[in-house]
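Comments concern the structure below.
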Amino acid sequence: MADMQAALADVLASIDDITVRLRPGAVQELAASGDRSLVPRVQAALERCLDDEDHEGVELLAEILAGIRGTRAFPLLLRAVARPVKHEWEGLQATLAVLMAADPAGCRPAVLAFAAERHRDLRCAGLWALGHVVTPADVELLEAALRDADRRVRGTALGALSELHGDERVVPAMVGMLRDPELGLRSGALMSLGYYGDLAALDSMVALRTDPSVLVREVLSVAVAQLLAPTWRPSTKAATAAQAETARAALRELLGDENRSVRGCAERALARL
């Protein structure tokens with residue numbers, strides 16, 4: 001045990017002083033040690049790194065804590081990832097993703113509790129995590145989040161919903177987001193529908209060819225091409241002649257768009273079709 005305390009001291013020293021080199025494998029040894037006596041020091045150091053927005057330190061300490069405590073560390077780490085910062089906690093998110101992949105059932109209670117929080121940052125952390133453990137039982141929760149007044153809540157819910165395939169309620173919910181006032185969410189919904197591969201959404205998608213946002217009109221071409229001529233998956237269903245013509249007609253219209261980039265996207269999409 002004493003050796004583990006000394007190893008932790010070395011890791012903490014490397015976090016506090018960039019001139020101190022971290023011994024290869026030290027973090028992994030601590031994570032696999034099962035030494036719960038390390039937890040108070042790790043948590044205290046983690047809080048300090050979170051306050052300082054030390055992303056590398058947070059990543060190392062979260063890995064140690066998750067290794068020692070497993071799923072029991074999940075609520076604490078999920079609360080940590082909810083902290084608003086200039087740059088996302090990517091390393092911390094990766095650690096949480098590993099925990100959720102290893103024990104989705106064990107993590108779901110905390111995920112659902114956070115997703116139901118009134119505080120926006122906590123709720124968004126829960127909705128983000130829900131994308132990793134989502135089930136058809138979560139569709140109603142996500143549909144409600146898509147109607148939230150907060151743009152970030154809606155966007156995070158859309159990302160989670162995009163991970164759920166095969167439920168007949170998903171596509172209508174995504175189609176509804178095509179009318180969202182935020183251009184980033186309209187374009188995100190377009191890409192989700194294009195990659196989701198449901199031709200029933202085509203008419204609603206091409207209606208955005210007159211959208212005031214250049215970004216949305218650009219993404220429309222990419223999404224339509226992906227829907228009818230997917231590059232990363234087999235076609236789930238062949239487009240009918242009428243659907244193919246609907247897509248081509250919309251893309252031909254975009255060839256006359258006032259924006260050069262929109263015209264280029266439409267040209268490339270037509271080439272794919």
Verify side-chain contact (heavy atoms from CB on, under 4.5 Å) between H132 and L96, making sure each step is shown before the conclusion. CA-CA 10 Å; H132 290 264; L96 286 166; over 6 Å; no
Do Q5 and R41 come within less than 4.5 Å of each other through their side chains, counting heavy atoms only? yes
Are the side chain of R248 and the backbone N or O of L273 linked by a donor-acceptor pair below 3.5 Å? yes
Is there a side-chain contact between S33 and L38 in this structure, where contact means two heavy atoms from C-beta onward sitting under 4.5 Å apart? yes
Evaluate the side-chain proximity of L142 to L127: yes if any heavy-atom separation is below 4.5 Å, no if none is. yes
So M177 and R154, do their side chains get closer than 4.5 Å, heavy atoms only? yes
Between R169 (side chain only) and P136 (backbone N and O only), is there a donor and an acceptor less than 3.5 Å apart? yes
Return yes when atom CD of E56 has more than 12 non-hydrogen atoms of other residues, nucleotides or ligands closer than 6.0 Å, and no otherwise. no
Under 3.5 Å, is there a donor-acceptor pair linking the side chains of E63 and T95? no
In this structure, SG of C124 is separated from CD of E117 (nearest 0.5 Å) by 11.5 Å
Looking only at atom types and distance, does a side-chain atom of D35 sit under 3.5 Å from a main-chain N or O of S37, one as donor and one as acceptor? yes
Enclosure of E182 CD (heavy-atom neighbours >12, cutoff 6.0 Å): yes
Got a donor-acceptor contact below 3.5 angstrom from the R123 side chain to the A116 backbone? no
Note, M191 side chain near V219 side chain (heavy atom, < 4.5 Å): yes
Is a side-chain N or O of R217 found less than 3.5 angstrom from the main chain of D211, in a donor-acceptor match? yes
With a cut-off of 6.0 Å (strictly less than), are more than 12 heavy atoms of other residues, nucleotides or ligands near CZ of R179? no
Can you name the closest pair of heavy atoms from A125 and A82 and give their distance? CB-CB, 3.7 Å
Go through the steps to decide whether L92 and H55 satisfy the test side-chain contact (heavy atoms from CB on, under 4.5 Å), and finish with yes or no. CA-CA 8 Å; L92 182 53; H55 286 250; over 6 Å; no
Report the distance from atom CE of M4 to atom CD1 of I64, rounding to the nearest 0.5 Å. 10.0 Å
Any donor-acceptor N/O pair, D138 side chain to L141 backbone, under 3.5 Å: no
If I take atom CG from residue L77 and atom CD from residue Q43, how far apart are they, to the nearest 0.5 angstrom? 8.5 Å
How long is the gap from CD1 on I18 to CG on L22, to the nearest 0.5 Å? 14.0 Å
R23 and E29, any side-chain heavy atoms less than 4.5 Å apart: yes
Heavy-atom nearest pair, F114 first then P75, reads CZ-O, 3.7 Å
Taking all non-hydrogen atoms of both residues into account, name the closest pair between A160 and L130 and its distance. CB-C, 4.4 Å
Kindly compute the distance separating CD (E59) from CH2 (W89), expressed to the nearest 0.5 Å. 11.0 Å
Tightest non-hydrogen contact, residues I68 and L30, listed as CG1-O, 3.6 Å
Looking at V224, V171, V170, which one forms a side chain to side chain contact (heavy atoms under 4.5 Å, CB included) with L193? V171
Within a strict 4.5 Å, meaning less than it, do heavy atoms of the M100 and F74 side chains meet? yes
What's the separation between atom CE in M174 and atom CG in L158, rounded to the nearest 0.5 Å? 6.0 Å
How about CD on E245, more than 12 heavy atoms from neighbouring residues, nucleotides or ligands closer than 6.0 Å, or not? yes
Would you mind checking if D257 and R263 are paired as a salt bridge, meaning a charged N to carboxylate O distance below 4.0 Å? no
side-chain contact (heavy atoms from CB on, under 4.5 Å) between R186 and S213, worked out: CA-CA 10 Å; R186 297 198 301 278; S213 166; 3.8 Å; yes
Y195 side-chain N/O to L190 backbone N/O, donor-acceptor pair under 3.5 Å: no
Nearest non-hydrogen partners of A238 and Q243, listed with the distance: O-OE1, 4.4 Å
Sub-4.5 Å side-chain heavy-atom contact between L254 and E267: no
Donor-acceptor pair, distance only, cut-off 3.5 Å: does the side chain of R209 make one with the backbone of L251? no
Strictly below 4.0 Å, N to O, side chains only: are E53 and R83 in salt-bridge contact? no
Looking at every non-hydrogen atom in both residues, tell me the closest pair between V42 and L61 and how far apart they are. CG1-O, 3.6 Å
